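Counting convention: from 1, in listed order, for ligands and their atoms alike. Quick caveat, the model's predicted, so the values are computed rather than measured.
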Amino acid sequence: MSIHLSPEQIDSYRRDGFLCPIPVMSPVDANHHRTSLENVQASHPELMEGVAAQKLHLVTSWMADIIRTPTILDAVESLIGPNLLCWSSTLFVKPPDGKAFVSWHQDGNYWGLDNPEVATAWLALTPATSKNGCMRMIPGSHEWEASAHIETFANDNLLSRGQVMAREIDDAAAVDLILAPGEISLHHVNVAHASEPNRSTESRIGIAIRYISPRVRQNRGNTDSATLVRGTDSIGNFQHEERPSRDFAPDAMAQLARVVECRVSSVYQDMPK
Ligand SMILES: O=C(O)CCC(=O)C(=O)O
């Protein structure tokens with residue numbers, strides 16, 4: 001099944017800065033992925049935090065497969081072209097404790113990526129609803145001037161710096177991105193978005209897969225890495241990462257350690273230790 005976006009969907013994304021829902025796999029497959037995630041949670045809890053939790057595709061075949069899902073790549077290709085690098089695959093697990101939340105932010109403010117040929121595919125492994133804290137976005141906000149952010153480092157904020165946009169957000173203008181398991185939303189690197197605490201009795205689980213065009217450059221630090229998942233990269237702005245030969249293979253774990261160190265000294269270079 002190919003699911004390249006229609007011209008109407010592309011127009012809608014360009015106008016609003018996001019698009020959803022787009023079915024990319026069956027709910028059964030999404031549930032298998034959830035089981036794989038829970039297995040990693042049980043066997044390697046240390047990989048579920050920090051930069052490692054953005055790069056599980058380097059050490060597990062299930063995440064290596066997810067970032068290469070042809071239907072996801074078709075949709076992303078419609079937005080940023082046929083040559084695609086995966087920059088990260090970030091887990092967003094929101095337990096049913098009513099506390100964890102994500103403040104209003106624009107991704108582009110912190111990533112150091114020098115142009116907006118970047119798209120996030122947020123894959124739902126459970127339902128994402130208004131009650132359990134689905135993402136909320138302000139249509140058209142990707143066209144706003146980049147906003148300053150205040151770093152709060154708030155405990156329950158799922159963002160690495162607890163960053164929040166230093167401008168008034170009209171909550172009434174926000175759109176809830178409701179998804180069923182196996183569906184994605186797509187969002188622009190500069191769209192203003194947030195999510196509320198999970199007020200249901202079940203976890204809300206999603207994976208934010210960040211894709212970039214090889215034309216993008218990293219402006220923070222000297223080096224960054226990414227995985228080529230479709231097409232070719234004749235530019236070489238990012239070091240290419242290898243797919244793991246098997247789960248947690250020693251060479252794959254060593255690659256992960258190098259990549260984490262590299263990202264800590266580039267994108268996160270100004271983070272307090
Ligand atoms: O999963 C969430 O609630 C927030 C995710 C997010 O901020 C992102 O994917 O950029």
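- Of all atoms in ligand 1, listed by their number and element, those nearer than 4.0 Å to a heavy atom of Ser195 are 2 (C), 3 (O).
- With a 4.0 Å cut-off on non-hydrogen atoms, Asp107 touches ligand 1 through its side chain and not its backbone.
- Among residue pairs with one or both ends in residues 40-68, those qualifying as ring pair (Phe, Tyr, Trp, His ring centres under 6.0 Å) are His44-Phe248; sequence neighbours excluded.
- For atom 6 (C) of ligand 1, the nearest non-hydrogen atom from the set His193, Gln106, Arg136 belongs to His193.
- Taking the centre and axis of the six-membered ring of Trp87, the NZ or CZ atom of Arg263 falls inside the cone set by 45° and 6.0 Å.
- Classification of Asp171 and Arg136 as a salt-bridged pair holds, one side-chain N sitting under 4.0 Å from a carboxylate O.
- Atoms of ligand 1 lying under 4.0 Å from any heavy atom of Ala208, numbered from 1 in the order shown and given with element: 9 (O).
- Scanning the protein heavy atoms around atom 1 (O) of ligand 1, the nearest turns out to be Arg204 NH2, 2.8 Å.
- Residue contact check: Trp122 has heavy atoms under 4.0 Å from atoms 1 (O), 2 (C), 5 (C), 9 (O) of ligand 1.
- The heavy atom nearest to atom 8 (C) of ligand 1, considering only His105, Arg210, Glu196, is found in Arg210.
- Ion pair Arg230/Asp74 flagged as a salt bridge, since at least one NZ, NE, NH1 or NH2 atom sits closer than 4.0 Å to an Asp/Glu carboxylate oxygen.
- A salt bridge links Asp65 with Arg243: the closest approach of a Lys/Arg side-chain nitrogen to an acidic carboxylate oxygen falls below 4.0 angstrom.
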Open item on the list: Under the criterion side-chain hydrogen bond (donor to acceptor under 3.5 Å, both in side chains), I'd like the reasoning laid out for Thr227 against Glu241: C-alpha separation, chi angles, the key distance, then a yes or no.
Closed with: CA-CA 5 Å; Thr227 300; Glu241 302 160 339; 2.5 Å; yes

